[in-house]
Every structure is written in C-alpha cells, then in structure tokens.
Amino acid sequence: MTIIRTLIDRLKIVPAILLLILAGVTFADVVGRNVFAKPMPGSFDIISYMMAILVFSAAPSIARARSHVAVDLLDKYYPDWAARVRDTV
C-alpha cells in the first residue's frame, strides 16, 4: 500500500508541470496569432492532449484526498442507505 501512496504523491507534480506548460503554449499561441499573425501550428491539439493527461494524472490524488467536487442539491431527499451507497462509490 505504501508503494501506491508513494506513486500517487509523486504523480502530483505532473499536473502542476503540465499546467505551467499549458499556460506557456497558450500564451505563445495568442502572442503569435495577435502580434505576428502567425499562430503556433498544432497548438490546439497539443493543448487538448495536455488537458486530457492533466485531468487523468490529477485524478488519483484527488480521489485519495476525497477532495473532488460534490453537488448536494438532492441529498436531503435521499434515504440514509442511498447516501451510504453514494459515498462508497
């Protein structure tokens, strides 16, 4: 179990680095498009792939910390057993 925790802890750096690179690619594309009238070729594809990698590399640490976004608009209408089932999933 400690190997998995170590891997998840080390995986936290990947989304941070990807987000920094993503901001740089977006900045370079916007400056290239608006200032030089020459957008960065393939930037949309690069950003799309990086976003997918960013989301799926951040998912294990978010799930482990149980810090995902939860909408509780209908929670008061659920019976207790349904809330327990929802929390286990």
Side-chain angles (χ1 to χ4, degrees):
M1 200 60 144
T2 58
I3 295 171
I4 294 173
R5 288 183 182 172
T6 304
L7 287 173
I8 290 173
D9 287 340
R10 291 188 182 184
L11 192 64
K12 287 180 184 178
I13 194 73
V14 173
I17 292 171
L18 284 175
L19 197 57
L20 186 65
I21 295 170
L22 187 88
V25 169
T26 304
F27 178 77
D29 185 44
V30 169
V31 169
R33 179 176 290 128
N34 294 329
V35 175
F36 302 113
K38 197 165 178 136
M40 193 170 144
S43 64
F44 181 76
D45 294 330
I46 293 169
I47 290 170
S48 298
Y49 291 135
M50 285 174 54
M51 284 297 290
I53 295 169
L54 187 138
V55 167
F56 287 112
S57 64
S61 61
I62 291 171
R64 180 173 172 235
R66 298 186 63 84
S67 62
H68 54 278
V69 176
V71 179
D72 58 354
L73 295 174
L74 302 174
D75 280 353
K76 59 185 174 185
Y77 301 113
Y78 285 126
D80 290 336
W81 66 268
R84 285 192 302 270
V85 169
R86 182 205 58 219
D87 290 340
T88 58
V89 174

Got a sec, which residues hit side-chain contact (heavy atoms from CB on, under 4.5 Å) with I47, two or more places apart in sequence or on another chain?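 Once residues adjacent in sequence are excluded, the partners of I47 under the side-chain contact (heavy atoms from CB on, under 4.5 Å) criterion are L22, V25, T26, M51.
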Name all pairs fulfilling the salt bridge (charged side-chain N to carboxylate O under 4.0 Å, His left out) condition that reach into residues 31-41, sequence neighbours left out, sorted by first residue then second.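 Pairs touching residues 31-41 that pass the test: D29-R33.
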Minimal heavy-atom distance between L19 and L54, with the atoms involved, is N-CD1, 3.7 Å
So which heavy atom on S57 is nearest to which on L18, and how close? OG-CD1, 4.5 Å
If hydrophobic clusters are built by linking Ile, Leu, Val, Met, Phe, Trp and Tyr wherever their side-chain heavy atoms come under 4.5 Å apart, do [X] and [Y] end up in the same one?
{"X": "I46", "Y": "L20", "answer": "no"}
{"X": "L7", "Y": "L11", "answer": "no"}
{"X": "F36", "Y": "V30", "answer": "no"}
{"X": "I17", "Y": "I53", "answer": "yes"}

Please lay out, stage by stage, how R64 and D9 fare under the test salt bridge (Lys or Arg N to Asp or Glu O under 4.0 Å). CA-CA 10 Å; R64 180 173 172 235; D9 287 340; 3.0 Å; yes
